[in-house]
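As the structure is a computational prediction, the values presented were derived from the model and not from experiment.
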Amino acid sequence: MTYRTAIVGLSWIGADPAGPPSDPVLGTATPYSHASAMAPIPEIEVVGGCDISEGARTRFTETWGGRWPGAKTYGDYRQMLAETKPEIVSVVTPDHLHKDVVLAAIEHGAKGIFCDKPLSVSLAEADEMVKAV
């Protein structure tokens, strides 16, 4: 089974490539971002990436286009969620934006949401997110 996945927030923590291998014998590359952690998993197909920065979107396509050639980039996460219909959403935005993205992912049918820490900026927001899930 392949899981349609989307990344909201394409900064370094969302989209940087993996670092050099941590061991010359084992050859394991260290994933420093959500995309680099997903890349070696064959069951994950990133179908969309979103960032308000056009430069970040361009870098994402240049870095990951070979791994996920069908991934489209967006400046609006709601449009991306509606068009790509991901099953998994990775939320890598500034902390104060997590709640709206998580609630939109739920609204658009995501079954798995990986939200970078902290979950929210207040207990009330966290409670709202947990209740929605």
Side-chain angles (χ1 to χ4, degrees):
M1 176 170 199
T2 301
Y3 297 96
R4 297 174 57 76
T5 305
I7 303 171
V8 182
L10 302 176
S11 67
W12 69 273
I13 192 69
D16 271 6
S22 57
D23 184 283
V25 175
L26 298 176
T28 305
T30 305
Y32 290 113
S33 71
H34 289 232
S36 64
M38 293 177 201
I41 303 171
E43 295 84 7
I44 290 183
E45 180 68 25
V46 173
V47 295
C50 178
D51 202 286
I52 59 171
S53 165
E54 185 177 345
R57 295 191 304 266
T58 299
R59 281 188 301 279
F60 177 80
T61 301
E62 290 170 352
T63 303
W64 297 108
R67 170 63 178 90
W68 299 299
K72 295 180 182 177
T73 59
Y74 297 82
D76 181 293
Y77 67 89
R78 289 187 181 280
Q79 179 185 4
M80 180 188 68
L81 294 170
E83 290 182 13
T84 64
K85 308 217 183 310
E87 296 158 307
I88 299 172
V89 176
S90 195
V91 181
V92 201
T93 61
D95 304 342
H96 69 283
L97 301 174
H98 288 178
K99 181 189 91 162
D100 290 342
V101 179
V102 167
L103 294 178
I106 293 165
E107 182 182 308
H108 284 87
K111 300 299 181 204
I113 300 170
F114 180 45
C115 184
D116 209 29
K117 65 183 189 310
L119 179 63
S120 69
V121 295
S122 74
L123 182 57
E125 279 189 7
D127 287 344
E128 185 179 349
M129 295 161 73
V130 169
K131 182 179 179 182
V133 170

Trainee: Treating His96 as the side-chain partner and Val121 as the backbone partner, does any N or O pair qualify as donor plus acceptor under 3.5 Å?
Mentor: no
Trainee: Counting only N and O atoms by type, is there a donor-acceptor contact under 3.5 Å from the side chain of His98 to the main-chain atoms of Leu119?
Mentor: yes
Trainee: Transitively linked via ILVMFWY side-chain contacts under 4.5 Å: Val102 with Leu123?
Mentor: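 No, it is not one cluster - the side chains of Val102 and Leu123 are not joined through contacts under 4.5 Å.
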Trainee: What closest approach, in Å, do Ile44 and Trp68 show between heavy atoms, and which atom pair accounts for it?
Mentor: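 Closest heavy-atom pair between Ile44 and Trp68: O-NE1, 3.4 Å.
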Trainee: Using residues 1-16 as the side-chain source, report each donor-acceptor pair under 3.5 Å to any protein atom, sequence neighbours left out, with the distance given to one decimal.
Mentor:
from : atom 1 : to    : atom 2 : distance (Å)
Arg4 : NE     : Thr84 : O      : 3.1
Arg4 : NH2    : Thr84 : O      : 2.4
Thr5 : OG1    : Tyr3  : O      : 3.1

Trainee: May I ask you to list the residues sharing a hydrophobic cluster with Leu97, side-chain cutoff 4.5 Å, ordered by chain and number?
Mentor: none
Trainee: Tell me whether Ile88 shares a hydrophobic cluster with Val46, the cluster being built from Ile, Leu, Val, Met, Phe, Trp, Tyr side chains joined at under 4.5 Å.
Mentor: no
Trainee: Any link between Met38 and Val91 through a network of hydrophobic side chains (Ile, Leu, Val, Met, Phe, Trp, Tyr) touching at under 4.5 Å?
Mentor: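 No, Met38 does not connect to Val91 through the hydrophobic network.
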Trainee: Can you tell me how far apart NZ (Lys117) and CG (Asp95) are? Round to the nearest 0.5 Å.
Mentor: 9.5 Å
Trainee: Residues in side chain to side chain contact (heavy atoms under 4.5 Å, CB included) with Asp100, at least two apart?
Mentor: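 With neighbours one apart ignored, the set is Tyr77.
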Trainee: Just grab all the side-chain hydrogen bond (donor to acceptor under 3.5 Å, both in side chains) pairs involving residues 29-58, residues at least two apart or on different chains.
Mentor: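 Qualifying pairs, neighbours excluded: Ser33-Ser36, His34-Ser90.
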Trainee: Using residues 103-116 as the side-chain source, report each donor-acceptor pair under 3.5 Å to any protein atom, sequence neighbours left out, with the distance given to one decimal.
Mentor:
from   : atom 1 : to     : atom 2 : distance (Å)
His108 : ND1    : Ala104 : O      : 2.9

Trainee: Does Trp64 share a hydrophobic cluster with Val92, counting links as ILVMFWY side-chain heavy atoms below 4.5 Å and allowing steps through other members?
Mentor: yes
Trainee: Sequence neighbours excluded and cut-off under 3.5 Å, please list the side-chain donor-acceptor pairs for residues 125-133, or say none.
Mentor:
from   : atom 1 : to    : atom 2 : distance (Å)
Glu128 : OE1    : Lys99 : NZ     : 3.4

Trainee: May I ask you to test the Asp76-Cys50 pair for a side-chain heavy-atom distance under 4.5 Å?
Mentor: no
Trainee: Which residue pairs satisfy the salt bridge (Lys or Arg N to Asp or Glu O under 4.0 Å) criterion with at least one member in residues 59-69, sequence neighbours excluded?
Mentor: none
